[in-house]
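Only one structure is covered here, and it is reproduced in the block below.
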Amino acid sequence: MTSTATTTYRNLLVERRGAVTLLFVNRPDVLNALNRETLAEIESCALAFAADPSQGALIVTGSGEKSFISGADINELAVLDPRGAEDISRFGQRVLASLARAGKPVIAAINGYAFGGGCELALACHIRLAAENAVLGLPEVSLGIIPGYGGTQRLPRLVGAGRALEIILSGRRVKADEAERIGLVNRVVPRDQLLAEAEKLAQAILKNGPLAVAAVLEAVDRGLSLPLDDGLRLESGQFGILAASEDMHEGLQAFLEKRPARFQRK
Ligand code: COA
């Protein structure tokens, strides 16, 4: 499989392996903390991925052995005034939305510490795999602030309000096995297999109809903030739209002819 590296980012390493983009947050001196520049680069990488028809899945991970992302860069937080604080929160939310709304699967491969903004970034991804050494948490209240990149909204949607409040209000650390048990991560895998497992999962998704995959992401993402009846209408709408696609015809026909489907994103 061809692998190409790009060096256009200062704080990210981006590699393309076939149809899978790997994004490494790469600020080893601060355990991959997210400063404003890194956030901007993540957004630009996510938008480029979304717009690139050759790319079908994105894996986000951290460089090094120890940390996924240690959180927002505390050096930048320390000098914020109220206006700046609200602005950086909205900006961080927008950046993470560029992952959540990429229209293609985004997998977090959590290879160590995922605190604060790092945990929130993982929450914005569609699927989370964690290495055995992963530790997650939203310790913001211990710093006198609150999660500002979506943590107060996405964590309760994922694990329920009671668990989310306990985690956010205590600021405590959640180890990989507990994270798996409460649904904060999908699965824990051995450290040395994390990226291989993430790629395997990406490849499994890539075998499926890309329009159908995009429709599921849209239905789940938008549906989560809708009343059930409206969400069901959204689902039916997506179901109807797909019926106009060549891919739907191909997928069903391939099953009947007992052969693999050849989807064309049409
Ligand atoms: N922002 C800025 N710098 C950070 C950082 C962050 N979020 N997290 C770690 N760093 C820096 C440390 O200040 C340290 O810098 P130094 O070498 O100049 O002293 C370096 O990264 C290594 O961190 P260190 O604390 O020595 O590593 P550790 O293995 O002992 O602990 C953590 C790792 C992640 C537990 C610890 O760094 C930590 O608690 N970080 C803050 C996590 C957090 O609160 N995130 C939410 C922010 S809203």
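Counting starts at 1 for both ligands and their atoms, in listed order. The residues of the chain are indexed from 1 along the displayed sequence.
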In the protein, what heavy atom is nearest to [atom], and what distance, to one decimal place, separates them?
atom                    : result
atom 36 (C) of ligand 1 : Leu31 CD1, 4.8 Å
atom 1 (N) of ligand 1  : Ile74 N, 2.9 Å
atom 44 (O) of ligand 1 : Pro139 CG, 3.5 Å
atom 10 (N) of ligand 1 : Val30 O, 3.8 Å
atom 16 (P) of ligand 1 : Asp29 O, 4.9 Å
atom 39 (O) of ligand 1 : Arg173 NH2, 4.2 Å

| message | Distance to the ring centre below 6.0 angstrom and angle to the axis at most 45 degrees; does that hold for Lys104 and Phe49? | response | yes
Between [X] and [Y], what is the shortest heavy-atom contact and its length?
X      : Y      : result
Leu234 : Leu226 : CD2-CD1, 4.0 Å
Ile110 : Ala122 : CD1-CB, 3.9 Å
Phe24  : Ser63  : CB-OG, 3.6 Å

Is [atom] close to the protein, meaning a heavy atom under 4.0 Å from it?
atom                    : answer
atom 29 (O) of ligand 1 : yes
atom 25 (O) of ligand 1 : no
atom 7 (N) of ligand 1  : yes
atom 34 (C) of ligand 1 : yes

| request: Decide if atom CZ of Arg83 counts as having more than 12 heavy atoms of other residues, nucleotides or ligands within a radius under 6.0 Å. | output: no
| message | Just checking Glu65: does its CD atom have more than 12 heavy atoms from other residues, nucleotides or ligands closer to it than 6.0 angstrom? | response |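 Atom CD in Glu65 is not packed in, count stays at 12 or less.
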| task | Report, in ascending order of atom number, the atoms of ligand 1 lying under 4.0 Å from any heavy atom of Leu77. | result | 48 (S)
| Proximal atoms of ligand 1 relative to Ala33 (non-hydrogen, under 4.0 Å) |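 The list of qualifying atoms is 1 (N), 6 (C), 7 (N).
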| message | Using heavy-atom distances only, which candidate in Gly112, Ser70, Gly71 approaches atom 42 (C) of ligand 1 most closely? | response | Ser70
Considering both backbone and side-chain atoms of [X], is one of its nitrogen or oxygen atoms within less than 3.5 Å of a nitrogen or oxygen in ligand 1?
X      : result
Phe115 : no
Lys66  : yes
Ala72  : yes

Between [Y] and [X], does any NZ, NE, NH1 or NH2 come within less than 4.0 Å of an OD or OE carboxylate oxygen?
X      : Y      : answer
Glu180 : Lys175 : no
Arg233 : Glu235 : no
Glu41  : Arg36  : no

| Can you find a side-chain donor-acceptor pair between Ser98 and Glu43 that sits under 3.5 Å? | no
